[in-house]
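Below is one structure, written out as structure tokens; the observations come after it.
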Amino acid sequence: MTASPDFPVLDVSGLSIALDNDGVQVPITQDVSFSIARGEVLALVGESGSGKSLTALSLLQLLGHGLSVVAGQIQFQARDGGRTDIARLGRSGHAIEALRGARIGMIFQEPMSSFSPIHTIGAQIAEVVEVHEKVGRKEARRRAADLLGKVGIPDPVGALDRYPAQFSGGMRQRAMIARALVCGPSLLIADEPTTALDVTIQGQILELLRALKRELGMAILFITHDLGIVAQMADRVAIMYSGRIVESGPVRDIFRHPAHPYTRALLDAVPRLGDIDRGRRIQPIAGSIPNIFEVPGGCRFHPRCPVAVLPRCAASAPPRHSSGRHEVECIHGETELAP
Amino acid sequence: MIRFLTRRLGYMALTLLLVSVVSFVIIQAAPGDYAEIYAAKKAATGAVITQADIEAMRVELGLDQPVYVQYVRWMWNALHGDFGMSWAWKRPVGEVIAERLPVTLAIAFATLLFMYAVSIPVGIYSAVRRYSVGDYAFSILGYVGLAIPNFLLALVLLYWSQQYLGQSVGGLYSPAFENAPWSWGKFVDLMAHLVVPVIVLGTSGTAFLTRAMRAAVLDELDRMYVLSARASGLSPMQVLLRYPVRTALNPIASTLGWRLTYVISGAPIVGFVLALPDTGPLFLNALLNQDMMLAGAMIFIYCALTIIGTFVSDVLLVLLDPRIRLE
């Protein structure tokens, strides 16, 4: 079976995740939809607690205890495979395990703890190859060394027999990327891969991811709260707030014409060069993201929103407006999206 | 690694020397000596023992020398493999111990094997199925096991197996096999007799190790690297065995040293209660009789086994955990 060229690698629609709280389903995310095409980078942006990391975990059926996908589809199409609705797969079993690490790679925020401290880096990368492909230990190690070289680790063959403690944070994140890509996945999910790193190392890792994307042609779902990284990395952006995607669109449109007041607030919270000279201060967003048990009615952002129209915003969910690929959920959407 | 081993071996030799001094002093600390006790026993049977006889015996045994001379002489001979004569047995100490030590060692190792073979899988199960019925059942069993004193458990099991299974559990062999040549039947008989001592000696250790293993695995289950291994496509069983269990084995392996100590120091009482032909009753009698050469050698051997156990667990830990190796 060959992949149809016009179908995206990942097409998520209406995805809702809920937490089982003593039999009561508490919604965590609602009606999340996005898609990523081959070779495209989609940034999923939001504050801590917005549900972006859980959305990422749900794509691999890795949600923790009590959490589950309660609605929606996760259509995945690998380069060399048929389409699968991951939302319908179990948490374990061959179907999902064959996707994890092989067709969809994932890297995490904590390069310090993402490797077991008592196994060598080489063993932990080679095992991914051994689990997914019928190759011997030697060939798996050769592949692991190959990838370690690709992610810029000096002396990759020697590095195979070293332990995570002998690697710096940046090197470990490189090794993590090697582990996620060793089987040549069609999609890479990167959950805040640079948050725990020094700024200079961050830049190197982002540059590496861009280069690998060009070389290997995989799609990337990049999860971050840092709009600076979004500007460098992403083709398109989805802004998440309190479990919903409130605005999405191509990076240029979002940065030039942010349509949602939350997106504008996020952009205002980003420091820029020259701010001090011009006497501009960073504008923090007032208030904090709602607790999942106390989600406000109507538009979830209205208590923090500077342009909320009361009582309308508190009474009913905001309408969705779109202009081309730029979409927004806000009562001001129509006027904001107008060119 | 070589440096670590030599340093560790050096410490071991030093500890053994200290232990030999301590064991010698302990024996000396008891009131009276072998000559007096021997005289008292002879007198009780009606023999006439004069003070001169006692003195002569002291000179013969070297008991008239200062303590440090006695110690040095003892140590010197021990280094040459001669632990002296057992005064009570009228035979070389080495010979007396050699007859019974293999039994003690067999029971100790069977007990260790039992403890680890039971506690590791049960601990893993309890951690993975935390707060399940099975976990609670094992927890209760474990607390009971921890609370029961060895000798009481020995007596209860002795009574039960005699009463309900009709099996003689005292000693190591049934009367039928006592002097029979080795055969499959005798081996099975021996194994059946080992069950009770192993359970008695191993119960509280098993209970403790199960708790330790459960806690260690629980500690590892929520680690980031476990999630990361799952995200790499490993099945739940592969993840469990390769990562959390493998990591949790380190603290368990490090307990081997003092588990061995525990088993060996518990053995004399159990051996006595179960009438086993091991070193337990031998040791107890040697202490009661102030059969100094024998008692000293026994204490020394028990301590040496403990120190060796600690050494083995240290080496195991270094082999298992690269973080220690790297320092």
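Nothing here was measured: the structure is a model prediction, and the numbers come from that model. What you see below is based on every heavy atom in this structure, not just the backbone, and it leaves out hydrogens, waters and symmetry mates.
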(message) Taking side chain as everything from C-beta outward and backbone as N, CA, C, O, which of these in B:Asp222 sits under 4.5 Å from a heavy atom of chain A? Side chain, backbone, both or neither.
(response) neither
(request) Measure B:Arg230 against the heavy atoms of chain A and call it side chain, backbone, both or neither at under 4.5 Å. (result) both
(request) Kindly compute the distance separating OG (B:Ser232) from CZ (A:Arg100), expressed to the nearest 0.5 Å. (result) 10.0 Å
(request) Not counting sequence neighbours, which residues clear side-chain hydrogen bond (donor to acceptor under 3.5 Å, both in side chains) with A:Ser50? List them please. (result) none
Looking only at non-hydrogen atoms, find the nearest pair between [X] and [Y] and report the distance.
X: B:Ala229; Y: A:Arg179; result: CA-NH2, 3.9 Å
X: B:Asp321; Y: A:Ile118; result: OD1-CG2, 3.4 Å
X: A:Phe108; Y: B:Ser228; result: CE1-CA, 3.6 Å

Largest heavy-atom contact set with chain B, pairs under 4.5 Å, which of [options]:
options: A:Pro185, A:Ser114, A:Cys183; answer: A:Ser114
options: A:Ala102, A:Gly105, A:Ser92, A:Pro117; answer: A:Pro117
options: A:Gln124, A:Met106, A:His119; answer: A:His119

(message) Can you tell me which portion of A:Met176 sits under 4.5 Å from chain B's heavy atoms? Options are side chain, backbone, both or neither.
(response) side chain
(message) Only heavy atoms, only distances under 4.5 angstrom. Which residues in residues 233-249 of chain B are near chain A?
(response) B:Gly233, B:Leu234, B:Ser235, B:Pro236, B:Gln238, B:Arg242, B:Tyr243, B:Arg246, B:Thr247
(message) Check this for me: B:Phe4, atom CZ, are more than 12 non-hydrogen atoms of other residues, nucleotides or ligands nearer than 6.0 Å?
(response) yes
(message) Using a 6.0 Å cut-off, check whether atom CZ of A:Arg88 has over 12 heavy atoms from anything other than its own residue.
(response) no
(message) Within residues 134-156 of chain A, which residues come under 4.5 Å of chain B, heavy atom to heavy atom?
(response) none
(request) Could you tell me which residues in residues 56-68 of chain A have at least one non-hydrogen atom under 4.5 Å from a non-hydrogen atom of chain B, sorted by residue number? (result) A:Leu57, A:Leu60, A:Gln61, A:Leu62
(message) Quick check: do A:Pro164 and B:Tyr225 have side-chain heavy atoms less than 4.5 Å from each other?
(response) no
